[in-house]
2 protein chains.
Amino acid sequence: MTAIETEISGRDGSATHKAYHRLREMIVTGDLRPGEKLKIDTLRARLSTGASPIREALSLLTSDNLVERIDQRGFRAAEISASNFTEILTLRCTLEDLALRESIAHADQQWEEAIVLAHHRMQRAKADKKADFEVLHKAFHMTLLANAPSPILLKFCSQLYDLNIRYRYLAGSALDYQKRDVSEEHSLIMSTAIARDADGASASLLRHYRMTGDFLAGLLGDGALG
Amino acid sequence: MTAIETEISGRDGSATHKAYHRLREMIVTGDLRPGEKLKIDTLRARLSTGASPIREALSLLTSDNLVERIDQRGFRAAEISASNFTEILTLRCTLEDLALRESIAHADQQWEEAIVLAHHRMQRAKADKKADFEVLHKAFHMTLLANAPSPILLKFCSQLYDLNIRYRYLAGSALDYQKRDVSEEHSLIMSTAIARDADGASASLLRHYRMTGDFLAGLLGDGALG
DNA sequence: TATGTTCAGATTATCGATTTTTTTAAGTCT
DNA sequence: AGACTTAAAAAAATCGATAATCTGAACATA
């Protein structure tokens with residue numbers, strides 16, 4: 001079977017893979033609430049698949065810190081807390097700072113162009129109010145780091161990104177963080193990165209994260225979430 | 001059933017748990033070589049358990065970067081490389097530095113005593129040439145960090161520790177890293193940590209890692225491993 | 001000779017059923 | 001009533017079997 005035929009037949013990965021991505025999305029977007037019991041049978045019915053793929057997907061999500069495993073009592077969606085959020089924010093700032101500097105240190109034309117492209121796609125999606133804005137927003141941020149020759153570090157950053165964005169979803173898209181001039185911030189990050197200005201890029205990136213972070217931390221402190 | 005009864009009855013977790021720990025150990029110690037194909041059926045027979053626990057254990061190990069999943073072709077033990085080793089060492093230095101400083105910042109008597117105890121147990125095991133030296137060595141290092149109020153960071157450190165120690169096992173215990181005066185280094189780390197000397201503790205910890213690291217990196221460069 | 005194709009054997013992924021464990025709720029005793 | 005036991009129901013963990021997929025060798029083709 002060729003790649004094209006594969007595409008047509010819709011076999012875009014195993015049942016486990018699909019369940020993994022679907023469940024991850026449901027947890028990150030808050031469709032499955034923090035602390036909620038994740039019953040195999042319920043999920044099996046909801047995603048119309050077997051129990052094995054669900055179990056395996058939940059296992060994988062456990063290691064992403066999105067699902068907690070309780071001894072012999074199954075799984076639940078990870079809890080949220082102010083301290084957890086603060087930890088994520090702090091770690092993210094440390095690790096992304098590291099990754100961004102490494103990425104810039106290995107800058108080349110290809111990377112530069114990838115950033116411009118990712119930025120454009122994100123802007124376009126935002127203007128069109130496309131649903132895939134969030135996907136492209138993550139892609140933009142990961143592209144900034146992608147040149148760091150450090151796959152483990154990038155994996156950590158990706159995980160932390162997802163843990164963080166979950167809080168944003170839980171705060172509700174109503175609390176539209178886009179009201180702030182995020183576009184301006186993104187542009188600044190892009191231009192400093194492309195200019196190989198490591199200090200400038202890092203500073204603007206961390207400011208970007210901390211502004212959103214402080215905002216969400218405030219909500220958490222008020223008990224507005226959960 | 002109380003915790004003590006559980007202990008006695010030997011029911012120390014599910015089949016998946018046991019398989020997970022056993023497989024992790026086999027990979028870390030090099031019993032399963034880097035890149036080796038991990039066939040479900042072979043492992044099932046070897047650990048005398050079912051296929052489901054094996055699959056689930058391998059899934060979990062995937063997220064620890066100890067096992068790689070190949071599309072629809074099963075699992076294999078993670079590959080090793082000089083760049084991978086360097087990355088682990090670098091990340092470890094960064095993250096443990098962070099964790100150690102946080103740990104010291106939250107120092108209290110209980111933590112102090114835990115360190116002394118962990119250190120003593122490790123020394124004792126080493127003198128007796130006990131097989132559990134490695135377990136206690138890890139325990140000592142993790143205890144140093146354990147006071148950092150940052151579970152995700154500690155998890156990362158634990159993962160990186162295991163990834164790193166794997167290289168040491170692969171280099172062979174023949175290349176006894178204990179020939180160096182590691183005891184002296186451990187003592188220095190302990191005393192500086194207990195003295196709440198964050199800079200001193202961090203410096204001695206990182207020196208400890210880098211010395212072992214440089215030694216192993218040399219071996220890797222010569223192609224003595226793999 | 002190099003390239004592509006087919007087919008058996010091996011292996012993985014998934015399913016349905018069984019076993020074990022936990023939870024719930026009712027009943028019993030003090 | 002409150003605490004303890006026991007029985008039934010629910011759920012998770014595991015197993016055995018089946019379906020889907022991959023691998024590699026033998027063969028055909030250019």
Side-chain angles (χ1 to χ4, degrees), chain A residues 1-24 26-27 32-33 35-63 66-78, chain B residues 1-24 26-27 32-33 35-63 66-78:
Chain A
M1 185 183 263
T2 69
I4 290 168
E5 285 169 320
T6 300
E7 199 67 34
I8 290 168
S9 72
R11 172 198 155 277
D12 58 337
S14 59
T16 297
H17 244 79
K18 281 187 284 191
Y20 172 74
H21 287 297
R22 186 80 190 81
L23 286 174
R24 140 166 297 203
M26 287 167 77
I27 294 171
L32 297 169
R33 308 292 303 177
E36 181 177 343
K37 184 77 202 299
L38 301 177
K39 292 190 216 172
I40 306 275
D41 208 55
T42 307
L43 295 174
R44 191 200 53 65
R46 193 156 167 195
L47 305 197
S48 47
T49 183
S52 307
I54 297 284
R55 274 192 75 76
E56 209 161 319
L58 289 174
S59 278
L60 291 168
L61 288 166
T62 294
S63 312
L66 282 171
V67 165
E68 288 164 6
R69 168 168 230 153
I70 344 170
D71 196 39
Q72 231 130 352
R73 261 157 288 181
F75 304 86
R76 69 178 49 193
Chain B
M1 186 183 262
T2 69
I4 290 167
E5 286 170 320
T6 301
E7 200 68 34
I8 292 168
S9 72
R11 172 197 154 280
D12 59 337
S14 58
T16 297
H17 243 79
K18 282 188 284 194
Y20 172 75
H21 287 297
R22 186 82 189 82
L23 286 173
R24 141 165 295 202
M26 288 166 78
I27 294 171
L32 297 170
R33 308 291 303 175
E36 181 177 344
K37 182 76 202 298
L38 302 178
K39 292 188 216 173
I40 306 276
D41 208 53
T42 308
L43 295 174
R44 191 200 54 66
R46 194 157 166 194
L47 304 197
S48 47
T49 182
S52 307
I54 297 285
R55 274 193 74 77
E56 208 162 319
L58 290 173
S59 277
L60 291 169
L61 288 166
T62 295
S63 313
L66 282 170
V67 165
E68 287 164 7
R69 168 167 230 153
I70 345 169
D71 196 38
Q72 229 128 354
R73 260 156 288 181
F75 304 86
R76 67 178 50 192

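Both backbone and side-chain heavy atoms feed into the values below; hydrogens, waters and symmetry mates do not. Chain naming here is simple, since letters A, B, ... match the order of the sequence lines and numbering starts at 1 in each.
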Could you tell me if the side chain of B:L60 sits less than 4.5 Å from the side chain of B:L23, heavy atoms only? no
Under the side chain to side chain contact (heavy atoms under 4.5 Å, CB included) test against A:Y20, which residue among A:L61, A:I54, A:L58 passes? A:L61
Sorted by chain and number, sequence neighbours left out, side chain to side chain donor-acceptor pair (under 3.5 Å) with B:S63 holds for A:S63
Atom pairs and distances, side-chain donor-acceptor, residues 39-49 of chain B, under 3.5 Å, sequence neighbours left out:
{"from": "B:D41", "atom 1": "OD1", "to": "B:R44", "atom 2": "NE", "distance (Å)": "3.3"}
{"from": "B:R46", "atom 1": "NH2", "to": "B:D31", "atom 2": "OD1", "distance (Å)": "3.1"}
{"from": "B:R46", "atom 1": "NH2", "to": "B:D31", "atom 2": "OD2", "distance (Å)": "3.1"}

What is the separation between atom CD1 on A:I54 and atom C1' on C:dT14, rounded to the nearest whole Å? 12 Å
Could you measure the distance from the CD atom of B:E36 to the CD1 atom of B:I27? Nearest 0.5 Å is fine. 9.0 Å
Side-chain donor-acceptor pair present, A:S59, B:E56, cut-off under 3.5 Å: yes
Results of side-chain contact (heavy atoms from CB on, under 4.5 Å) for B:S52 - residues two or more places apart only: none
Can you give me the bend angle of the helix from C:dT1-D:dA30 to C:dT30-D:dA1? Use the axis through the first five pairs and the one through the last five, nearest 10 degrees. 10°
Return a single string for nucleotides 7-14 of chain D, one symbol per nucleotide in 5' to 3' order, where B is base contact, S is sugar-phosphate-only contact and - is none, cutoff 4.0 angstrom on heavy atoms. ----SSSB
Can you list the residues that meet the salt bridge (Lys or Arg N to Asp or Glu O under 4.0 Å) rule with B:R76, with sequence neighbours excluded? none
